[in-house]
Amino acid sequence: MSQRSDSSTPPTRASDSHTTTSGVARTRFAPSPTGFQHIGGYRTALFSWLLARHTGGQFILRIEDTDTERTVPGAVDAIIEGFKWLGLDIDEGPEEGGAYGPYVQTQRRDLYLRYADELIAGGHAYRCFCTPERLQRVREEQRARNEPPRYDRHCRRLTPAEIAQRLNEGQSYTVRVAVPLTGKTVVKDILRPAEIVFENTSLDDRVLLKSNGYPTYHLAHIVDDHLMRVTHVLRAEEWIPSAPLHIIIYQALGWEPPVFAHVPDVLAAQGGKKLSKRFGALPLLEYRDLGYLPDAIVNYMALLGWSYDDKSNTLSREQLIAAFDLDRVGVAPARYDEERLLWFNGYYIRQLSPDALAERALPFLERAEAQGGLPDSVARPLDRAYATRVLLLEQERMRTLAEAPGMTAFFFLTETLTYEPQALIAKHMTAESALNGLRRASATLAALPAWEAAEMEARLRELVTELGLKPVQLFTSMRVAVTGRTVSPPLFETMEVLGRETSMRRLDEGIAALAAHAG
RNA sequence: GGCGCAUUCGUCUAGCGGCCCAGGACGCUGCCCUCUCAAGGCAGAGAUCACGGGUUCGAAUCCCGUAUGCGCUACCA
């Protein structure tokens, strides 16, 4: 494995975990339960999971719910359900527990308080008694002067006596990090060759502990990642600007930072914006209802920003785990492309065994008509053996499971099909010749001893020759009569599955419809 | 405004100084197969490697600048 060996190798570390794949990686996905997670979020989670699995490490799920105002009930369950559906197993998390729990931040308050105190004691943080009103006023003034809006560090200059007095008065306060006033902070991102250097003077004394006693992301994730022994932090690139702040806090606490990998955004299909709830993103679980397969989603997501080589396209989960390497994660944003996802989905549907196909598609057939299922006139539950044979005929034509009902309805309908008479007449045929062809075909099939596709085809092709037609002419008329559609799986296999009785009845109904039309 | 990240076919990408007048995949076009539609096979169109300067015998690959896009700029994450 290639290593990023250059002068930017971080300070001393016992192991060489700053290289991409040597060593066991403990990774985490740390969403905040403020809404649904979409492909973009799960793509980052997938990379983390893949890295953990590739190195034989652990994958942790941690819920960052410190913004209690924005927490949405049910969001955690949905996030976890998404992981289950995708088949990304979690080693430590709210449901699994683990040696470094709890894995929900609101249950770890005392920890953050303790480290906030430690930072204050060390002079790396300070209490800020400023009111929201003052802060806003300061920002507005700065903006008016065309200055970057930053906290003016008013409370950083408070004397011990002043602080004691305000504390005594019971004034509420936040805790802010005391960013070094000079120097630079270097952020190392393993995905990017160059160090990212920030002037400390450009940094803000961000709030670490809110006045309600909950930590902000900046404090909480650092405490957690360190205590949970996380080795690699994969997160969205929007975190790069605050990364120097995090480095400063790690240093203040005397902790070795983990390896950072800021992964590129996934962009919405339309416009150049980041995929988000507002721009083109669907909740992941929505894809389940739309008939997508987890394997397809995983394969598709893996290739958004990561690649294996110059030709591999479809990779199984096992191959993904074996091949995944941070070295091959790119840095340019990738656009969400539904056509490509659809292709992957069709591919994975085609790979399904008959049993697996039935297992996955049956729920789509059986759900209510209003939900996209088969017409309500079709009795549920479906005969599984019959449904499986039907599904097999349409398998290579489906791009999503949700397409199954529309494609297979004619296999299940018991009522008489409605025909577009004109459709029963193939190209370069007249109503008379079409009618004659159908009648002869009906008679030929009626005389068949066994209802078997190969036999039907042999006899019917003889008939085609005898009538001086082209196969497409007779078979098109028959297809419309038997299926009610101009597009269907191969005619003879379709009739075989449909059965003698139904096939013959529809043929006759088609003949009747055409006869009525021809007058 | 400030700070930061990014920039190869429409899209996802390969490429880490000569193998590239740039390879693969999706999509698109045509042909083959063929009872329709798919699937499959084959072929093709499609990228002045954002632009401009360098460095080098040689640059998509290294350096600098410009442009454009995106992100951050909350007691949200």
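Just so we're on the same page: letters track the sequence lines, and every chain starts at 1. Bear in mind that the values here come from a model prediction, so they are computed numbers and not experimental data.
At a threshold of 4.0 Å, the pair A/E133-A/R137 does not count as salt-bridged, since none of the basic side-chain nitrogens sits closer than that to a carboxylate oxygen. Using a 4.0 Å cut-off between a side-chain N of Lys or Arg and a carboxylate O of Asp or Glu, A/R335 and A/D265 do not qualify as a salt bridge. With respect to the salt-bridge test (charged N to carboxylate O, under 4.0 angstrom), the residues A/R389 and A/E493 do not qualify. Ion pairing between A/R397 and A/E394 holds under the 4.0 Å rule for side-chain N and carboxylate O.
Nucleic acid contact class of A/P215 (heavy atoms, under 4.0 Å, all strands): sugar-phosphate only. Using a 4.0 Å heavy-atom criterion, one finds that A/T66 contacts the sugar-phosphate atoms exclusively. Within the nucleic acid shown, A/V487 comes within 4.0 Å of at least one base atom, counting heavy atoms only.
Nearest to the side chain of A/R328, among B/G1, B/U7, B/A14, sits B/A14. The listed nucleotides are B/A74, B/C70, B/A6; the one nearest the side chain of A/R206 is B/A74. With B/G4, B/C72, B/C35 as the choices, the nucleotide that has an atom nearest any side-chain atom of A/I196 turns out to be B/G4. Distance from the side chain of A/L304 is smallest to B/C12 among B/C35, B/C12, B/C72. Among the nucleotides B/C35, B/C12, B/A6, the one closest to any side-chain atom of A/V472 is B/C35. Side-chain proximity of A/D265 to the nucleotides B/U11, B/G71, B/C35 is greatest for B/G71. Comparing B/G1, B/A77, B/U11 by their nearest atom to the side chain of A/P148 picks out B/G1. If you check B/A77, B/C3, B/C75 against the side chain of A/F198, the one that comes closest is B/C3. If you check B/C35, B/A77, B/C5 against the side chain of A/T216, the one that comes closest is B/A77. Of the candidate nucleotides B/A14, B/C12, B/C35, B/C12 has the atom nearest to the side chain of A/L303.
Taking the six-membered ring for Trp, A/Y214 and A/Y112 have ring centres at least 6.0 Å apart. A/F475 and A/F492 have their aromatic ring centers within a separation under 6.0 angstrom. Note: A/F324 and A/F47 meet the aromatic proximity criterion, with ring centroids under 6.0 Å apart.
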Worksheet item: Which parts of nucleotides 39-54 of chain B does protein reach within less than 4.0 Å, heavy atoms only, written one letter per nucleotide 5' to 3' as B for base, S for sugar-phosphate only and - for none?
Response: SS--------------
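To the nearest angstrom, C1' of B/C12 lies 18 Å from OH of A/Y308. Atom C1' of nucleotide B/A74 and atom CH2 of A/W239 are separated by 11 Å, given to the nearest angstrom. The NE2 atom of A/H262 sits 13 Å away from the P atom of B/C72 (whole-angstrom rounding).
Just one residue in the list A/K277, A/E69, A/E64 forms a side chain to side chain contact (heavy atoms under 4.5 Å, CB included) with A/T34, and that residue is A/K277.
With both ends at atom C1', the span from B/G1 to B/U8 equals 33 Å, rounded to whole Å. Taking atom P in both B/G44 and B/G23, the straight-line distance is 11 Å, to the nearest Å. Nucleotides B/U68 and B/G52 are separated by 14 Å at their C1' atoms, to the nearest Å. B/U29 and B/G71 have their P atoms separated by 34 Å, given to the nearest Å. Comparing the same atom, C1', in B/G69 and in B/A74 gives a spacing of 25 Å after rounding to whole Å. Taking the P atoms as reference points, B/C49 lies 12 Å from B/C21, given to the whole Å. B/C42 and B/U66 have their C1' atoms separated by 45 Å, given to the nearest Å. Of the P atoms belonging to B/C51 and B/U11, the separation is 15 Å, rounded to the nearest Å.
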For nucleotides 28-32 of chain B, print each protein N/O atom paired with a nucleotide N/O atom at under 3.5 Å, atom names and distance only.
none

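Using N1 to N3 plus N6-O4 or O6-N4 for Watson-Crick, or N1-O2 and O6-N3 for G-U wobble, each under 3.5 Å, B/A67 pairs with B/U7. Shown here, B/A47 forms no base pair; nothing in the strands shown gives a Watson-Crick or G-U wobble contact with both key distances under 3.5 Å. Judged by Watson-Crick or G-U wobble contacts below 3.5 Å, the nucleotide B/G30 has B/C42 as its partner. B/C72 is paired with B/G2 under the Watson-Crick or G-U wobble criterion, all donor-acceptor distances under 3.5 Å. Figure legend. B/C16 is base-paired to no nucleotide; pairs are counted as Watson-Crick or G-U wobble with both atom distances under 3.5 Å. B/C35: no Watson-Crick or G-U partner with both key distances under 3.5 Å is found in any strand. Nucleotide B/U56 has no partner under the Watson-Crick or G-U criteria, as no pair reaches both atom distances under 3.5 Å.
A donor N or O paired with an acceptor N or O is found under 3.5 Å between the base of B/A25 and the side-chain atoms of A/R340. At a cut-off of 3.5 angstrom, counting only N and O atoms as typed in the model, there is a donor on one side and an acceptor on the other between the side-chain of A/R70 and the base of B/C76. The base of B/C75 sits with one of its N or O atoms less than 3.5 Å from a complementary donor or acceptor on the side chain of A/S211.
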Item to complete: Carefully, step by step, assess A/F83 and A/F29 under the rule ring-ring contact (aromatic ring centres under 6.0 Å, His included).
Response: CA-CA 11 Å; A/F83 277 101; A/F29 183 58; 5.8 Å; yes
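Residue-to-nucleotide proximity on RNA chain B shows that, of A/K273 and A/T34, the 5′-proximal contact is made by A/K273. In terms of position along RNA chain B, the nucleotide closest to A/E147 lies nearer the 5' end than the nucleotide closest to the other residue of the pair A/E147 and A/T174.
Close to B/C76, at under 4.0 Å from its OP1 or OP2, lies a side-chain N or O of A/K210.
The shortest heavy-atom contact between A/G484 and A/L417 is N-CD1, 3.7 Å. The minimum heavy-atom distance between A/N200 and A/K184, with the atom names listed, is OD1-N, 3.5 Å.
With hydrogens and angles disregarded, a donor-acceptor distance shorter than 3.5 Å links the side chain of A/H221 to the backbone of A/Y217.
Counting non-hydrogen atoms of neighbouring residues, nucleotides and ligands closer than 6.0 angstrom, the OH atom of A/Y308 reaches no more than 12 such neighbours.
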